[in-house]
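For reference, the structure is listed below as structure tokens.
Hydrogens, waters and symmetry mates play no part in the numbers below; they use all other heavy atoms, side chains included. The chains referred to below are lettered A, B, ... by the order of the sequence lines, with proteins before strands, and numbering in each begins at 1.
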Number of protein chains: 2
Amino acid sequence: MSNAYNRPDQLSPELRRRVLDTARRLGYPGPDPVARSLRTRKAGAVGLLLTENLSYAFRDPAAIGFLEGLALACEDAGTGLLLVPANPEREDVASVHRAGVDGFVVYSVPDDDPHLAAVLERPVPTVVCDQPDLGTVDRVGIDDRGAMYELAKHLIDLGHRRIGVVCMRLARDRNDGFVTPDRQHAAHFHVQRNRLSGLAEAFSEAGVDWSQVPVAERFDHNTASGASGAAQVLDRDPQITALICTSDVLALGAMNEAARRGLRVPHDITVTGFDGIRAGEEAGLTTVRQPVLEKGRAAGKLLLDTNERSRPRSVNLATELIIGKTSGPPRGGAEERWFGP
Amino acid sequence: MSNAYNRPDQLSPELRRRVLDTARRLGYPGPDPVARSLRTRKAGAVGLLLTENLSYAFRDPAAIGFLEGLALACEDAGTGLLLVPANPEREDVASVHRAGVDGFVVYSVPDDDPHLAAVLERPVPTVVCDQPDLGTVDRVGIDDRGAMYELAKHLIDLGHRRIGVVCMRLARDRNDGFVTPDRQHAAHFHVQRNRLSGLAEAFSEAGVDWSQVPVAERFDHNTASGASGAAQVLDRDPQITALICTSDVLALGAMNEAARRGLRVPHDITVTGFDGIRAGEEAGLTTVRQPVLEKGRAAGKLLLDTNERSRPRSVNLATELIIGKTSGPPRGGAEERWFGP
DNA sequence: CTGAAAGCGCTAACAC
DNA sequence: GTGTTAGCGCTTTCAG
């Protein structure tokens with residue numbers, strides 16, 4: 001009978017039909033998937049750990065792209081994708097323990113997240129994404145630091161020296177305000193830490209005292225945060241010529257704030273983002289484009305690839321610097337220097 | 001020992017710690033979730049069936065909003081959400097059988113979808129969303145027909161009689177072209193069938209011969225489809241004064257096509273949508289707003305509500321007609337009638 | 001092709 | 001607070 005359901009080729013079609021018909025008539029609903037999973041040691045699903053508040057994940061175009069790519073990889077493999085509930089407020093790790101999955105993908109959680117620790121204790125393959133390389137599990141990501149360094153170079157070449165930054169949350173606690181250098185170094189979000197450090201390196205090399213650069217952090221990730229972060233930076237130093245945001249969503253918000261203040265972009269101020277989302281493209285944003293969908297797909301492939309998992313693998317995807325129309329030379333910059341002392 | 005993991009309160013904290021420490025030292029990874037699920041008869045997850053090609057789902061703002069609402073409800077309940085792979089191309093229903101879940105949510109699949117049939121055979125609670133009321137399982141949706149009827153009334157009041165329609169796919173087969181009345185009636189997508197029938201009713205009442213109204217169907221759901229559908233309709237009858245689309249995404253595409261032809265909206269042509277997505281709002285689209293997030297949340301609540309599931313429940317959420325700036329009186333309409341014969 | 005039996009790892013129940 | 005046991009429903013194996 002098991003054969004009738006699981007191995008149609010092992011018995012005559014006619015017999016198979018008879019068995020199945022009889023089973024249905026007897027009210028048998030088909031093999032119980034859980035019992036089957038226990039026996040075969042395959043859950044037929046992979047877990048996705050997204051610690052971020054779910055609302056933010058589903059409103060963040062980059063996260064959605066990642067999810068799409070991962071879902072695509074799962075669909076190709078005929079595997080389910082289990083969204084594991086992980087409320088960052090509560091430290092309730094039980095959901096990780098309860099997840100009947102063959103492996104985990106962990107996407108952009110703080111590196112001290114207890115859910116991540118719980119995943120790493122589970123005896124299943126794991127791939128972390130947009131996280132530090134743990135050495136023990138597979139990883140996929142991009143070179144956030146290098147990409148941001150390139151973007152900074154572009155701004156430096158344009159002549160920008162007096163800048164401000166708006167970044168996403170750096171740790172699990174809410175800090176809607178300026179960031180101390182200490183907090184930058186200690187940031188628990190790999191992506192943000194590296195983007196900031198790429199900026200710091202490039203501008204330091206250009207002779208800018210990074211410790212004097214205003215960096216505004218925002219816990220929530222939406223355009224309102226981008227606007228308020230930009231406002232805070234501009235209030236602190238109205239003379240800045242460029243506003244660098246660590247995501248396109250924040251940058252779009254910053255553009256709104258610039259418009260509100262009557263600042264023309266890029267004539268009066270340069271604004272840049274990071275991610276390469278659709279809305280940013282439409283706005284002509286200068287940014288770094290990263291292949292979010294491919295990232296999700298790569299994570300899924302890595303996890304589902306039963307092949308030699310000799311040593312943990314680490315994949316870096318390529319990014320592309322997009323020079324849009326929101327960046328230009330600083331006002332009163334190069335050209336006006338001719339009139340200087 | 002089971003108690004140490006599952007009932008921290010049934011034994012002294014100190015003993016609990018000792019047991020857990022020892023277990024870990026012995027390399028015990030914690031209770032196997034699958035075995036536990038078999039024993040307790042609880043999978044701790046609900047399945048989501050989204051037959052649409054996943055890429056479309058993740059690019060459709062309405063679907064994302066639904067997903068967010070559902071995920072929120074699951075998070076509140078500490079339940080996982082399993083995305084069940086259901087490629088509409090293949091009729092491979094095994095993934096539905098393999099899903100270890102305590103219930104299913106089925107979102108906007110054609111009513112003859114084999115995956116849906118497979119779900120209904122599983123002995124777990126199910127709620128269908130944006131589907132016909134099956135009478136046997138819970139349902140949540142909106143009054144698509146009534147909402148579209150109201151929208152049509154608005155256009156009729158403005159004076160529109162010569163109209164064209166662009167709609168989403170009506171069945172599982174690809175038909176990128178005009179729709180016959182037969183095909184409209186036989187449409188397998190509940191939502192589209194009802195929106196069209198609301199239109200047909202209102203315009204018929206206003207004396208329009210519905211069978212003469214050009215209705216262009218598009219399989220893919222994106223702005224390019226909206227544009228090409230609009231083009232097809234406008235090529236057929238350049239005299240139409242209003243282009244009614246069954247989704248905001250299609251309407252946004254139709255606006256692009258109108259612009260391409262040098263038609264000003266709403267002066268030269270009225271364009272309307274359905275859903276109330278963000279991008280439509282920003283474009284000032286006349287549309288019907290539906291609470292997509294609430295729909296997902298309601299579906300989750302219904303499924304997870306263990307309470308008296310006496311008879312199947314049916315929930316209709318309220319919609320709101322949004323009169324934007326893309327609808328206006330027809331050109332050469334009311335005001336010019338004064339100069340008529 | 002059929003039938004019987006073992007056992008996946010756990011939890012609940014009950015006896016100690 | 002501890003130990004033992006039955007059995008969740010399946011698949012696999014092995015004997016007929």
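Under a 4.0 Å N-O distance rule, the pair B/D32/A/R41 qualifies as a salt bridge. Residues B/D173 and B/R183 are paired through a salt bridge, judged by an N-O separation under 4.0 Å between the basic side chain and the carboxylate.
Residue-level contact check: A/N3 touches neither bases nor backbone, having no heavy atom under 4.0 Å from any strand. Nucleic acid contact for A/S12: sugar-phosphate only, since backbone atoms but no base atoms lie under 4.0 Å from a heavy atom of the residue. B/Y5 comes within 4.0 angstrom of no nucleic acid atom, judged by non-hydrogen atoms across all strands.
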What are the atom names and distances for every N/O pair under 3.5 Å that joins the protein to nucleotides 4-8 of chain C?
{"from": "C/dG7", "atom 1": "N2", "to": "A/R39", "atom 2": "NH1", "distance (Å)": "3.1"}
{"from": "C/dC8", "atom 1": "O3'", "to": "A/R41", "atom 2": "NH1", "distance (Å)": "2.5"}

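The minimum heavy-atom distance between A/G44 and A/D102, with the atom names listed, is N-OD2, 2.8 Å.
Think of the region where chain A sits on DNA chain D: with heavy atoms and a 4.0 Å cut, that region ends 5' and 3' at D/dG9 to D/dT12.
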For this session: Carefully, step by step, assess A/E14 and A/R17 under the rule salt bridge (Lys or Arg N to Asp or Glu O under 4.0 Å).
Result: CA-CA 5 Å; A/E14 191 260 326; A/R17 253 186 36 79; over 6 Å; no
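Side-chain nitrogen and oxygen atoms of B/T40 include none within less than 4.0 Å of the OP1 or OP2 phosphate oxygen of C/dA12.
Under the 30°/60° scheme for interplanar angles, the aromatic rings of A/Y107 and A/F66 are found to lie parallel.
Counting heavy atoms from C-beta outward, A/V96 and A/V84 have side chains that approach closer than 4.5 Å.
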